[in-house]
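A short worksheet on the structure shown next.
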Amino acid sequence: MNQHAGRGERYLTVELSRIHLLRGGKRILRDLRWRIRPGQRWILRGDNGAGKTQLLKLIAGDVWPQPRDGTRRNYRWRHQLYTEPQGVKEEIAYVGAERQDRYEHYGWDLRVTEIVGTGIERSDVPLRALSAAERSHVARLLRRVGIESLARRRFLTLSQGERRLVLLARALAWRPALLLLDEPLNGLDQRHRGRMLAAIGSLRHWALPWVYVTHRIEELPAGVTHQARLLGGQLRTGLWRPSRPRRPSTVAVRKTSLLPGARATRARRLIVLHGASIWRDGARVLHRLTLTISTGDCWIVHGPIGSGKSTLLAALHGNHGVAAGGTIWRLGQGSGAALSEFQRRTGYVAPELQAALPRQLSALEAVVAGSRGAFGLDGAVRSLEHRVALRALRGVGAATLASRRLSELSYGQARRVLFARALVRRPDILLFDEPYVGLDALNRARLGALVNRIATDNHAVVIACHHRDEWPRCATHELELRRGVARYCGPLREPPVPAGAPRR
């Protein structure tokens, strides 16, 4: 098919003019103007909280602009003009963290083939059985993004990266007239980032317009034509001109009493796994894993998507049990003590936790709930709790978000709140599952520096991440997982490369 054929029929043109958007009384977008045409492939950038996700949701028809004279949100499709999203909303496919979290929130634990099939039907859940031809089409899409082996797996048993690839296949099954991609590489290892970029880049042979949001300018699909940047609620647009990515600057972390560094002279064992296997959905995810985590340790867990990293961290936290024949011992959990007693001394940051928190809570209330070991609040916030929670938010640079609801925050802003929630009780051990997902370069550097300081203050840290530039500088141990088996477990073989450091 010729790239230019049928542009005015098959694909959407979006025209935004004088768009103003308020969220929680805060102006997110002001006097925004933008035109997206068939054949254009946009990179959209901006700091955390700039409004990128809200802008995509506005284009998709999920949020509404503030009514004002001259405000226009027009869609042109099949030679017709639509002044509202109704009529074209189903022609827009969206891939992003918030859409992905809906499956966790509503418990939609469908098989992968069924979820991709809902893209054909353009529905959230299956409405009918797929035909043989449709099943073959779904199988081709799964091969295209490299996850054909997951076809029979249930969605909620997958890693975050695997889920993201499933939703890309679903979006391609949708055959959209406009594709919106909000940080699509989050949670992917290097191999699958390449597959995702290749799948998106192959769309350049069509006139399908897409908008691609990213915080990592070094990871872009082929065929970008235009760029846009949100700054202060306004949009700056232009033709794409690639530039060399700048290395993140070194960020100093202000000393606070968030986690005081009283260094012990003797390490304490906190968790011991021996021959531990973990099963999910009838499949063994981790196989006979043995390790010991003590105070002063900083463990890096890495491996391909689906290798068991998230399952391991969730098991350490107590969310999954160990199969018969293996054991897990946690400090303070013996003699009939409840698991909650151990969890009170544990800070946990994971995408599933962020998705599960009640969206109506304010940032400060979410941190207070964490200090109580709960998801929600069962009583008024006391003055001491308010002070402690505000100190935790201040420690991660999120004090200005204290009164805002989680539903009003960007994914990156909510991730900083999750950090504060994990740190508020001054835990002995911190479990970080892809902690920097959704963060811009500055906040990755700030929180990375904070994690390094915590790890040297005689607390135990276990961090799972795909990007080597996110490894803590003071890492002491490395665990590589492949298909649930530990390939290496022990002291770090070589010092990690700090963020921004030149590579040999």
Side-chain angles (χ1 to χ4, degrees), residues 47-49 53 96-98 100-102 104-105 159-160 182-183 186-187 215 253 256 258-259 309-310 313-314 316-319 343-377 385 388-427 429-440 442-451 453-455 459 461-465 470 472:
D47 297 334
N48 287 145
T53 296
E98 290 194 14
Q100 183 169 321
D101 289 348
R102 291 176 62 191
E104 189 87 38
H105 181 76
S159 71
Q160 294 295 317
D182 193 355
E183 293 278 356
N186 284 349
H215 285 300
V253 176
T256 70
L258 193 63
L259 280 176
K309 301 181 299 298
S310 295
L313 268 70
L316 296 177
H317 189 248
N319 299 347
Q343 290 179 335
R344 288 188 64 82
R345 299 194 303 277
T346 305
Y348 187 45
V349 173
E352 292 89 347
L353 177 59
Q354 184 164 331
L357 289 176
R359 306 289 288 167
Q360 73 273 16
L361 292 179
S362 70
L364 187 134
E365 289 170 339
V367 177
V368 171
S371 72
R372 298 179 182 180
F375 281 98
L377 291 179
E385 289 178 320
V388 172
L390 191 59
R391 180 180 62 192
L393 287 168
R394 189 177 299 116
V396 298
T400 58
L401 306 177
S403 62
R404 295 178 58 187
R405 296 187 184 277
L406 296 181
S407 60
E408 299 164 3
L409 303 182
S410 72
Y411 196 86
Q413 289 173 323
R415 180 50 56 97
R416 280 189 280 160
V417 174
L418 204 62
F419 261 87
R421 188 180 188 277
L423 298 172
V424 67
R425 289 186 296 196
R426 303 181 181 181
I429 182 169
L430 289 140
L431 305 173
F432 292 134
D433 185 5
E434 293 288 345
Y436 306 117
V437 163
L439 296 175
D440 57 38
L442 179 60
N443 281 299
R444 285 200 307 270
R446 283 175 171 168
L447 290 177
L450 177 61
V451 169
R453 185 173 71 80
I454 292 169
H459 305 275
V461 174
V462 183
I463 179 170
C465 54
E470 295 175 355

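Because the structure is a prediction, the values reported are computed rather than measured. Side-chain atoms are counted along with the backbone in the values below, which use heavy atoms only and exclude waters and symmetry mates.
Nearest heavy atom pair, residue L406 against residue P358, reads CD1-O, 3.5 Å. When all heavy atoms of T346 and R425 are compared, the closest pair comes out as O-NH2, 4.1 Å. P435 and A464 get closest at one heavy-atom pair: CD-O, 3.8 Å. The heavy-atom pair separating L364 from L393 by the smallest distance is CA-CD1, 4.0 Å. Between G187 and V437 the shortest heavy-atom distance is N-CG2, 4.3 Å. Minimum heavy-atom separation, A422 to L430: O-CD2, 4.2 Å.
Proximity of R415 to L409: side-chain heavy atoms (C-beta onward) are nowhere separated by under 4.5 Å. Between V388 and S371, the closest side-chain pair of non-hydrogen atoms is not below 4.5 Å. Between L450 and I454, the closest side-chain pair of non-hydrogen atoms falls below 4.5 Å.
In summary, the side chains of T53 and D182 do present a donor paired with an acceptor at a separation below 3.5 Å, with no hydrogens or angles considered.
D433 is linked by a side-chain hydrogen bond (donor to acceptor under 3.5 Å, both in side chains) to S310, counting only residues two or more places apart in sequence or in another chain. Partners of S362 according to the side-chain hydrogen bond (donor to acceptor under 3.5 Å, both in side chains) rule, which considers only residues two or more places apart in sequence or in another chain, are E365. By the side-chain hydrogen bond (donor to acceptor under 3.5 Å, both in side chains) test, Q160 pairs with Q100, E352, sequence neighbours left out. The salt bridge (Lys or Arg N to Asp or Glu O under 4.0 Å) check on R344 picks up nothing, with sequence neighbours excluded. Applying the side-chain hydrogen bond (donor to acceptor under 3.5 Å, both in side chains) criterion to D440, with sequence neighbours excluded, gives N443. For E98, the salt bridge (Lys or Arg N to Asp or Glu O under 4.0 Å) test picks out K57, with sequence neighbours left out. Under the rule for a ring pair (Phe, Tyr, Trp, His ring centres under 6.0 Å), the partners of Y348 that lie at least two apart in sequence or sit in another chain are H317. Looking at residues two or more places apart in sequence or on another chain, you find a side-chain contact (heavy atoms from CB on, under 4.5 Å) between A355 and D101, E104. Under the side-chain contact (heavy atoms from CB on, under 4.5 Å) criterion, R345 pairs with L331, F342, D428, sequence neighbours left out.
The ring-ring contact (aromatic ring centres under 6.0 Å, His included) pairs that include a residue from residues 401-421 are F419-F432, where partners are two or more places apart or lie in different chains.
Between L439 atom CG and Q413 atom CD the span is 10.5 Å, to the nearest 0.5 Å. With values rounded to the nearest 0.5 angstrom, R444 atom CZ is found 6.5 Å from E470 atom CD. Atom CG of L361 and atom CZ of R405 lie 8.5 Å apart (nearest 0.5 Å). Between atom CG of residue L447 and atom CG of residue L442 there is a gap of 9.5 Å, rounded to the nearest 0.5 Å.
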Practice prompt. Take N48 and H215, measure what side-chain contact (heavy atoms from CB on, under 4.5 Å) needs, and give me the verdict at the end.
Written response: CA-CA 9 Å; N48 287 145; H215 285 300; 3.3 Å; yes
Worksheet item: Can you list the steps and then say if E385 with R372 is a salt bridge (charged side-chain N to carboxylate O under 4.0 Å, His left out)?
Response: CA-CA 9 Å; E385 289 178 320; R372 298 179 182 180; 2.8 Å; yes
Donor-acceptor contacts, no H, no angles, side chain residues 397-404, under 3.5 Å, sequence neighbours left out:
| from | atom 1 | to | atom 2 | distance (Å) |
| --- | --- | --- | --- | --- |
| R404 | NH2 | E408 | O | 3.0 |

